[in-house]
Student: 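Pasting a structure below so you can have a look.
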There are 2 protein chains.
Amino acid sequence: MRLLIADDHDLVRDAIAALLRAGGCDEVAVAGTLPEALAAVQAAGSFDLVLLDYDMPGMEGIEGLIEMKRTFPAQAVAIISGVARPSAAREALDAGAIGFVPKAMPARSIIGAVTLMASGSVFAPFDFLKQEEPPSQGGLSARETEVLRGICAGRTNKEIAREMDLQEVTVKLHVRTLTRKIGARNRTHAAMIARENGWF
Amino acid sequence: MRLLIADDHDLVRDAIAALLRAGGCDEVAVAGTLPEALAAVQAAGSFDLVLLDYDMPGMEGIEGLIEMKRTFPAQAVAIISGVARPSAAREALDAGAIGFVPKAMPARSIIGAVTLMASGSVFAPFDFLKQEEPPSQGGLSARETEVLRGICAGRTNKEIAREMDLQEVTVKLHVRTLTRKIGARNRTHAAMIARENGWF
DNA sequence: TATTTACCTATCCGAAGGGATAGGATCACG
DNA sequence: CGTGATCCTATCCCTTCGGATAGGTAAATA
């Protein structure tokens with residue numbers, strides 16, 4: 001079995017690579033960035049499986065996966081991550097990933113997961129995916145979440161209103177209610193809270 | 001050599017543990033949280049070295065290290081981290097850590113680093129420590145940095161002025177210049193930029 | 001000494017944020 | 001069918017922010 005594992009932390013990457021080699025993977029190549037990973041696939045022709053870290057130079061979340069699937073549509077690619085939320089996993093699978101491996105997964109499961117994905121089956125821990133998002137965002141409604149996303153991008157109420165096709169007053173209402181809900185003092189504080197909890 | 005490695009990501013933790021075992025460590029215990037690590041030290045009496053992840057339930061940055069050193073003053077404790085900045089490493093060493101291991105370190109260096117620390121020598125990669133903070137904050141002055149810290153806490157200009165013993169107008173001046181310097185559209189954007197770069 | 005840099009204060013202004021209150025529309029659920 | 005939740009709009013009001021402009025001090029430096 002021929003693998004490529006890409007993670008920007010040398011220690012973590014090489015440790016997992018060693019674990020896979022010990023588990024019976026014939027060839028485990030490594031990369032530290034998305035461009036390196038792309039070059040490695042180009043050079044090798046293809047791998048049985050490519051593991052991409054969700055937080056790595058060049059990835060920008062799910063964008064890196066999309067880029068790799070666009071460049072090498074037939075390549076089996078999985079995402080590995082320590083911080084991503086269930087929604088990110090679902091997005092990755094929707095974008096064509098063959099699997100999603102949380103770093104919190106037991107080490108003894110990795111060999112099985114990798115073998116499964118290399119053979120063409122989709123792998124994703126059920127108990128991870130079934131975690132719902134709502135509780136993680138303090139019970140914000142869909143609109144409020146959208147507005148909060150705009151706040152985090154540093155946009156003004158007027159700009160948010162334009163892009164959501166709403167009146168500015170409506171945005172202000174959402175801002176007021178959402179800051180109350182999450183216990184923020186103002187929009188800046190709300191943005192920081194959203195950040196700290198990794199909502200976006 | 002008897003080690004304890006604590007990291008909340010099972011996969012990473014066990015992979016590194018396997019790497020260390022392969023490197024000749026007789027006994028490598030593991031823990032997934034700070035309380036677990038404390039309990040493990042309590043149960044074992046002591047280890048030649050304890051590796052604590054900087055981002056782990058119960059750690060709160062450097063606080064977890066301080067707690068362990070307070071509970072077991074004689075225990076050699078090192079910090080391992082994937083995201084921490086040089087200043088955090090210096091703080092850790094000041095707080096009594098026997099070393100600081102960035103996860104970006106080459107895997108082949110870990111055995112040597114661990115052996116070194118277990119034998120009582122302080123270990124910290126020189127090229128990591130020597131990275132200076134100033135350039136990371138876009139050339140902000142001391143006052144501007146203080147104001148930015150206040151913004152990130154969600155405080156208003158008036159509140160920042162009070163706690164810094166300044167006039168509100170002065171704070172506004174600093175806000176204006178610092179947002180320009182870091183290329184932010186407004187205070188909220190500035191706070192997000194500071195967060196993304198891990199300035200606080 | 002002159003210049004630069006960081007720092008502090010002031011006034012004035014328009015734009016944006018934050019809050020109260022009130023009302024209407026839609027949809028799901030009991 | 002009523003009730004509640006969510007969402008949208010509206011009008012007033014006051015606070016805060018962001019910016020322009022115009023000063024001043026102190027310390028380091030050329």
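Computed from a predicted structure; not experimentally measured. In what follows, every chain begins at residue 1, and chains take the letters A, B, ... in the order their sequences are listed.
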Student: A:Q75 side chain to A:F47 main-chain N or O, any donor-acceptor pair under 3.5 Å?
Tutor: yes
Student: Just how far, in rounded Å, is P of D:dT6 from CG of A:L173?
Tutor: 12 Å
Student: Using a strict threshold of under 4.0 Å (side-chain N to carboxylate O), is an ion pair present between B:R21 and B:E27?
Tutor: no
Student: Could you tell me if A:S141 and A:E144 have a donor-acceptor pair between their side chains, going purely by distance under 3.5 Å?
Tutor: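 Yes.
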Student: If you group Ile, Leu, Val, Met, Phe, Trp and Tyr whenever their side-chain heavy atoms sit less than 4.5 Å apart, what else falls in with A:M192?
Tutor: B:M192
Student: Heavy atoms under 4.0 Å is the rule here; annotate nucleotides 11-19 of chain D 5' to 3' with B where the base is hit, S where only the sugar-phosphate is, and - elsewhere.
Tutor: B----SBBB
Student: Decide, yes or no, whether a salt bridge links A:R149 with A:E146 under the criterion of side-chain N to carboxylate O below 4.0 Å.
Tutor: yes
Student: Distance under 4.0 Å to a non-hydrogen atom of chain B counts as contact; along DNA chain C, which nucleotides mark the start and end?
Tutor: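 With heavy atoms of chain B under 4.0 Å away, the range is C:dA6 to C:dT11.
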Student: Over its full length, what angle do the end axes of the helix from C:dT1-D:dA30 to C:dG30-D:dC1 make, each axis taken from five pairs and the result rounded to 10 degrees?
Tutor: 40°
Student: Does a nitrogen or oxygen in the side chain of A:R143 sit under 4.0 Å from OP1 or OP2 of D:dT6?
Tutor: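 No.
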Student: Take atom NE2 of A:H174 and atom C1' of D:dC7, then tell me their distance rounded to the nearest Å.
Tutor: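 It works out to 6 Å between those atoms.
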Student: Is a side-chain donor or acceptor of A:D10 paired with a backbone partner of B:K103 at a separation under 3.5 angstrom?
Tutor: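 Flag not set: sc A:D10 to bb B:K103 has no pair under 3.5 Å.
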Student: Quick one: does B:H9's side chain have a donor or acceptor within less than 3.5 Å of a partner on A:G82's backbone?
Tutor: yes
Student: Tell me every residue that passes side-chain hydrogen bond (donor to acceptor under 3.5 Å, both in side chains) with B:N157, counting only those two or more places apart in sequence or in another chain.
Tutor: B:R187
Student: May I have the distance from A:E146 (atom CD) to D:dC7 (atom C1'), rounded to whole angstrom?
Tutor: 14 Å
Student: Does the pair B:E163/B:R155 count as a salt bridge with the N-to-O cut at 4.0 Å?
Tutor: yes
Student: State which residues pass side-chain hydrogen bond (donor to acceptor under 3.5 Å, both in side chains) with A:S109; sequence neighbours excluded, sorted by chain then number.
Tutor: none
